[in-house]
Amino acid sequence: MNLIVSTISQGFIWSIMAIGLFITFRILDFPDMTVEGSFPLGAVTAISLIQSGHSTLYSLLIAFIFGCLAGFATAFLYAKLNVPILLAGILTMTALYSINLRILGKANMSLTKSTNIFNQFGLNKLPTNFNGIILGIIVIALIIFLLIIFLNTEKGQAVIATGDNETMAASLGINTTVMKFIGLMVSNGIVALTGGLIAQQNGFADVNMGIGVIVIGLSAIIIGEVIYPDVPLSIRLITIVIGSIVYRLILMVVLQLGFNTNDLKLISAIILALCLALPTIRAQFLKTLRNGVKTK
């Protein structure tokens, strides 16, 4: 039971990162690689500040701001210097590796102090691993609430329009460049915030901990879309949380079957590939089924 609760707890926390990724990959339709740099940026920033004596909430706020700055750098390369979005994200991600090393001072750092957000505000009085679930629900509810409010404003609708059809959005007088800046900054800010939370939950930060986070985030998004294919945008954000928990439970089952933990990245990639291929497999199956019925 403790293993299941721990897995669900991780699912809640990681879903925050997937929500941030959703803004670029689904709303803006950008393959943003910056997140593999902004995630550890949030982690190293939070751990460094906590070790320096700053509060956990302050460290997460600064992590979010630094993530926004990372998104700004990618947006500037893409929107102002006309660097292709994929390459712009890779350039920022590469630069962030050195920046993360500068912030941390070394490749990794443990959180030697017992102070982290998971044992503050009465969360330490909860049963084992329930602090992650409660904190995750609170943060997710706040982020989804703020995102829904923003996306229903004029600016938010402009961001959605930019992702749907940039040419049409520009013809309507929308400054699509500004919308790209907003989307990339908010997305990477949320991703960096998640990095800060994960680092506190794990008790350490590592400059390489961003490798593969795109696969984790996309898996949560795609699984949520497969389970709930046609839902409004506000509900879609909630399905991402469900997808993240399901993804974590799948990994737990796979590991319980005896697979090596070193294969986690490979397993994650296979899960994502299967989820991406599922609509095609389903369509082919239905087509074959209909053809079989017509033949009879």
Side-chain angles (χ1 to χ4, degrees), residues 16-46 48 61-104 107 143 146-147 150-151 153-196 205 207-218 221:
I16 302 169
M17 186 272 296
I19 291 171
L21 197 64
F22 179 81
I23 296 173
T24 49
F25 272 84
R26 281 292 183 258
I27 295 180
L28 282 178
D29 197 25
F30 286 166
D32 181 27
M33 295 295 294
T34 314
V35 296
E36 296 215 350
S38 57
F39 182 86
L41 173 64
V44 302
T45 300
S48 297
L61 174 62
I62 300 302
F64 175 80
I65 293 172
F66 279 14
C68 290
L69 292 176
F72 179 90
T74 299
F76 183 82
L77 289 171
Y78 172 61
K80 293 295 185 180
L81 301 183
N82 295 320
V83 177
I85 184 61
L86 189 61
L87 183 56
I90 292 173
L91 289 174
T92 305
M93 176 187 69
T94 304
L96 284 174
Y97 183 84
S98 295
I99 293 173
N100 292 338
L101 279 172
R102 285 280 187 178
I103 293 173
L104 206 58
I143 289 176
L146 293 175
L147 275 178
F150 170 71
L151 293 174
T153 63
E154 187 176 334
K155 286 288 185 186
Q157 291 297 308
V159 171
I160 294 173
T162 299
D164 285 341
N165 192 321
E166 185 178 345
T167 303
M168 183 190 71
S171 68
L172 294 173
I174 297 173
N175 190 332
T176 56
T177 299
V178 173
M179 298 307 112
K180 294 171 187 175
F181 270 89
I182 292 174
L184 284 164
M185 289 175 69
V186 172
S187 171
N188 283 282
I190 294 174
V191 170
L193 173 67
T194 311
V207 295
N208 293 310
M209 65 191 299
I211 297 174
V213 295
I214 285 182
V215 173
I216 296 172
L218 282 179
I221 294 170

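All values below were derived from every heavy atom in this structure, side-chain atoms included, with hydrogens, water molecules and symmetry-related copies excluded. Source: prediction; values computed, not measured.
- At least one donor-acceptor pair under 3.5 Å links the side chain of Thr194 to the backbone N or O of Ile190.
- Under the 4.5 Å side-chain criterion, counting only non-hydrogen atoms from C-beta, Ile23 is in contact with Leu147.
- Rounded to the nearest 0.5 Å, atoms CG (Leu86) and CE (Met33) are 6.5 Å apart.
- The two atoms that bring Glu36 and Ile211 nearest to each other are OE1-CA, 3.9 Å, heavy atoms only.
- For the residue pair Asp32 / Thr24, no side-chain donor-acceptor distance below 3.5 Å is found, with atom types taken as modelled.
- The minimum heavy-atom distance linking Ala46 with Gly196 is given by the pair CB-CA, 3.7 Å.
- At a threshold of 4.5 Å between non-hydrogen side-chain atoms, the residues Phe25 and Pro31 count as touching.
- Residue pairs satisfying the salt bridge (charged side-chain N to carboxylate O under 4.0 Å, His left out) criterion with at least one member in residues 161-171, sequence neighbours excluded, are listed as follows: Glu166-Lys180.
- For Ser187 (side chain) and Gly20 (main-chain N/O), a donor-acceptor pair under 3.5 Å exists by modelled atom type.
- Atoms OG1 and CG, on Thr34 and Leu21 in that order, are 10.5 Å from each other to the nearest 0.5 Å.
- Evaluation of the salt bridge (charged side-chain N to carboxylate O under 4.0 Å, His left out) test over residues 71-87, restricted to residues two or more places apart or in two chains, returns none.
- Considering only heavy atoms from C-beta on, Asn208 comes within 4.5 Å of Tyr97 through its side chain.
- No donor-acceptor pair closer than 3.5 Å links the side chain of Thr45 to the backbone N or O of Gly42.
- Smallest separation of non-hydrogen atoms from Ala158 and Met179: CB-SD, 3.5 Å.
- Rounding to the nearest 0.5 angstrom, the gap separating the CG atom in Leu96 from the CZ atom in Phe66 is 11.0 Å.
- The side-chain heavy atoms of Ile103 and Leu41, taken from C-beta on, include a pair separated by under 4.5 Å.
- Considering CG of Leu87 and CG of Leu91, their distance stands at 4.5 Å, rounded to 0.5 Å.
- Rounding to the nearest 0.5 angstrom, the gap separating the CG atom in Asn100 from the OG atom in Ser38 is 9.0 Å.
- The CE atom of Met93 lies 12.0 Å from the CG atom of Asn188; values are rounded to the nearest 0.5 Å.
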Stepwise side-chain hydrogen bond (donor to acceptor under 3.5 Å, both in side chains) check, Thr92 with Thr74 = CA-CA 6 Å; Thr92 305; Thr74 299; 2.9 Å; yes
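- Scored by the side-chain contact (heavy atoms from CB on, under 4.5 Å) test, Phe150 finds Thr153, Lys155, Val159, Ile182 as partners (sequence neighbours excluded).
- Put simply, the side chain of Phe76 reaches to within 4.5 Å of the side chain of Leu81, judged on heavy atoms.
- Minimum heavy-atom separation, Gly217 to Ala18: O-CB, 3.8 Å.
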List the steps and the verdict of side chain to side chain contact (heavy atoms under 4.5 Å, CB included) for Ile27 and Phe22.
-> CA-CA 7 Å; Ile27 295 180; Phe22 179 81; 3.8 Å; yes
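- Contact between Gly210 and Pro40 at its shortest, heavy atoms only, is CA-CD, 3.7 Å.
- Contact record, Gly67 with Ala192: CA-CB, 3.6 Å, taken as the closest heavy-atom pair.
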